[in-house]
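Numbers here simply count residues along the sequence, with the first being 1. Below, each value reflects all heavy atoms present in this structure, side chains not excepted, and no hydrogens, waters or symmetry copies.
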Amino acid sequence: MPLSRLTSHRLPFWLIGGNSVVMLLVVAMSWIALTTSLRSFQQRAQDSTDNIARGMSQAIDAQLDRVDMALRTMALEHDRLGAASRPMAARLRRQAALVDGLADLYVTDADGRVEPGAGPARDTDVAAQDFFARARDGGDTAVLGGLRQAEAGHWEIVLARRLKRPDGDFDGILFARLPVSNFQQLFASVNLGRDGAISLRLLPSLALIARHTPLGSSPANYGTTRVSEELSLALQRQPLAGSYIARTAMDQIERANAYRRLEGYPLLVLVGLGTADFLAPWRTEVLVVGVLCALTMALLLGSTTLVLRARRRETASRAALQASEAFLDRTGRIAAVGGWELDLATGLVTWSAQTCRLLDVAPGHRPHIDDALQFVAPEAREAVRTQLAADVPGTSWMLDIPLVTATGRPIWGRVVAEVEGRDGRAVRVVGAVQDITEQRRNKAELAREQSLRAQIEAHAHELDALVSERGEMLDVLAHEVRQPLNNASAALQSAATVLAEVDEPAASLRLSRAQSVMNQVLGRLDNTLAVASLLARPDPIAREDCDIDTVVAVAVADMPPGQRARVQVERATSTRTASMDMSLMRLALRNLLSNALKHGPAGTPVRVRLSDSDHPLALVIEVTDAGPGVPRSLVPRLFERGARGSRSGHGLGLYIVRRVMELHDGRVELSSNEPGQVTMRLVVVQEPAE
């Protein structure tokens, strides 16, 4: 069977196999695209619910803080005036009027009897209520009471604070009733789609306090502790905040959920978006992709038909193209560009169509050799004549020569030739010509780029000088920005002292908060400037003998006043001084103390232990807190820049500690990571004695 017939016979099977592969690829790519799109929609839903949960938790936390501030104000007034502050009805009414959404404000005596308050008293005795007992025994912190049914269809929660006599004995409580409808109104302001839901639950029982859905929510479910298994598992893994996809236990609607615990109160905000809502666009994508796949199949079938018809036409014209294919194959073997052939007997030159286009002449033009040489620039004609005169069969040559086309357009051509012979005598020269104008232009561009590279290297040296100037500017910025803030902090401290002496606790409390914010700003500014300074530092640090106790005392003094008493210093060495840069070591120790105070439970001590090391000779400083420990996933990159265990902060503190210790040729390490005993160790290597 001839080859052409065999190929034509097998072509349909090849097309079927190829079309099948293409269809499988289309289906696979469509499946991958739809799966990726599904994950994207799910991730966007999780991000949306997390943002809403964060916003709701902040709003509820702020609302409860306003009520607690009213209770705290009245408690401070009672502590200041003592028994003379009773009865408080008028003051309670005034204070309740200042807080939006506050239903009632009441006061009791030490036995739980309710005195006239800011509203009508529904209870005359709350001694048996859980919030009374917890406020009585809980110290000065606010107590959040459980869900209560005020009347038919109306529910409320209670926020209470303890009152005390001048001698410190219990003198009753202040408590406020907060209607659940406040939270319902807040939840209703959020667009959740058709199947969305927002809930507020009390911890640790997970009792439902408030719930809103676009379809409505029945108060009959208030107080229920029934939740999905996925929520229970998520709270075990991430008790503060997290997300999951599950069917809600109450209505069996599948939602993408996110939860977040309030910072100051045992409450959990839970936000869910119905999968039927946020996956509706994805289902439309599935339909569109399915239609496109069907169209692709139709196009493949149509293209197959066209290919078969083209195949038949190709077979008919193949014989006519064989002669020209032989010529193109010879020239293509040499240069794969425009070809030419010189018959040495007649002097006629045959040009391919590409060569004719290159020289701007009509296709099929066959000039004599003398006319063909007119297309060569005058300065290069002699070199071409010399090469053509070499009539040794089998020789070849190549020239890069300037050419001028029939239209006067100057170009550069690379002429390649090979001499063919017969019976030991040259009969023709076959060659190719390639337009290398662009290559020569690129070569010139390369020379310019090399010149530009030299200029860039000169600029690099200038940039090095600018980096040095940046280091000096950082030092100036650290002084010019930090000094006014230090002055402001000192002024706030002085004002707080004066107000404390004139017995103004409310104003002192506000000043204390302002000073706390100022200290946070100073700490973050110090850390940011410290990172910039440490990264730009070109020179080694300047060590000097520093008093160890002084460094520790200054670092402790940098902590907020209310936290300093938690720091306990233990000496296990008689060494009084050590070689170090005092300002940098103070910065490192301050960041360790701040980290320990932040992650250790409130009121627990933070221990600073000072000891010696002989191998190497070093001062060892250990800071231990009673926190839960560093997550295992964070340990390998704990001291890297940007690493952090919570959403707050910038992950600079422990990175600064590492950089300071590297500048001291020392190290920082996590020597203990057990819950209740987390220890960071600084090893300050000492310089050898001179």
Do [X] and [Y] have side chains that approach each other closer than 4.5 Å (heavy atoms only, starting at C-beta)?
X	Y	answer
Thr577	Cys546	no
Glu674	Val678	no
Leu584	Leu663	yes
Asn591	Leu654	no
Val158	Leu178	no
Arg609	Ile621	no
Leu682	Val657	yes
Val684	Met661	yes

Please name the pair of heavy atoms, one in [X] and one in [Y], separated by the smallest distance, quoted to 0.1 Å.
X	Y	value
Asn257	Gln46	O-OE1, 3.2 Å
Ala555	Arg586	CB-O, 4.2 Å
Arg162	Arg136	NE-O, 2.9 Å
Leu64	Phe183	CD2-CZ, 4.5 Å
Val668	Arg658	CG1-CA, 3.8 Å
Arg632	Pro636	O-CD, 3.4 Å

Measure from the side-chain N and O atoms of [X] to the backbone N and O of [Y], and report whether any donor-acceptor pair falls under 3.5 Å.
X	Y	result
Arg566	Val606	no
Arg255	Ile245	no
Arg564	Met559	yes
Ser672	Gln677	yes
Thr49	Ala45	yes
Ser40	Thr36	no

Please evaluate residues Gln238 and Leu235 with respect to the criterion side-chain contact (heavy atoms from CB on, under 4.5 Å), reporting the C-alpha separation (whole Å), side-chain torsions for both, the decisive distance (0.1 Å), and the verdict. CA-CA 5 Å; Gln238 297 175 298; Leu235 286 172; over 6 Å; no
Are Ile541 and His664 close enough, and set up right, to give a side-chain contact (heavy atoms from CB on, under 4.5 Å), and what steps lead you there? CA-CA 8 Å; Ile541 61 174; His664 281 81; 3.5 Å; yes
So salt bridge (charged side-chain N to carboxylate O under 4.0 Å, His left out) across residues 37-49, not counting sequence neighbours, yields none
To the nearest 0.5 Å, what is the distance between [atom1] on [X] and [atom2] on [Y]?
X	Y	atom1	atom2	answer
Glu263	Ile60	CD	CD1	13.0 Å
Ser579	Glu544	OG	CD	8.5 Å
Arg261	Asp61	CZ	CG	11.5 Å
Arg237	Tyr244	CZ	OH	11.0 Å
Met680	Asn673	CE	CG	8.0 Å
Leu174	Leu159	CG	CG	10.5 Å

Start with the C-alpha distance between Phe187 and Met56, add both sets of side-chain angles, then the distance that settles side-chain contact (heavy atoms from CB on, under 4.5 Å), and finish with yes or no. CA-CA 8 Å; Phe187 295 163; Met56 291 294 102; 3.7 Å; yes
Over 12 foreign heavy atoms within 6.0 Å of [atom1], [X]:
X	atom1	answer
Glu669	CD	yes
Glu662	CD	yes
Asn191	CG	no

Apply side-chain contact (heavy atoms from CB on, under 4.5 Å) to residues Leu670 and Val630 and explain how you reach the verdict. CA-CA 9 Å; Leu670 179 65; Val630 180; 4.1 Å; yes
Do [X] and [Y] sit within salt-bridge range, that is, some charged N less than 4.0 Å from a carboxylate O?
X	Y	result
Asp625	Arg607	no
Lys164	Asp169	no
Arg576	Asp547	no

Does the side chain of [X] pick up a donor-acceptor pair with the side chain of [Y] at under 3.5 Å?
X	Y	value
Asp50	Tyr259	no
Asp612	Thr573	yes
Ser583	Asp581	yes

Mind listing the side-chain donor-acceptor pairs of residues 198-210 below 3.5 Å, one per line with the distance, residues two or more places apart or on another chain?
{"from": "Arg201", "atom 1": "NH1", "to": "Leu206", "atom 2": "O", "distance (Å)": "2.6"}
{"from": "Arg201", "atom 1": "NH1", "to": "Thr224", "atom 2": "O", "distance (Å)": "3.2"}
{"from": "Arg201", "atom 1": "NH2", "to": "Arg226", "atom 2": "O", "distance (Å)": "3.4"}
{"from": "Ser205", "atom 1": "OG", "to": "Ala207", "atom 2": "N", "distance (Å)": "3.3"}

In sequence, state the C-alpha distance, the side-chain angles, and the governing distance for Phe175 and Phe131, and then conclude on ring pair (Phe, Tyr, Trp, His ring centres under 6.0 Å). CA-CA 9 Å; Phe175 68 94; Phe131 65 84; 5.3 Å; yes
Among Asp558, Ile656, Asn595, side chain to side chain contact (heavy atoms under 4.5 Å, CB included) partner for Arg590: Asp558
Steps toward side-chain hydrogen bond (donor to acceptor under 3.5 Å, both in side chains) verdict (Tyr265, Asp65): CA-CA 9 Å; Tyr265 304 93; Asp65 282 346; 2.7 Å; yes
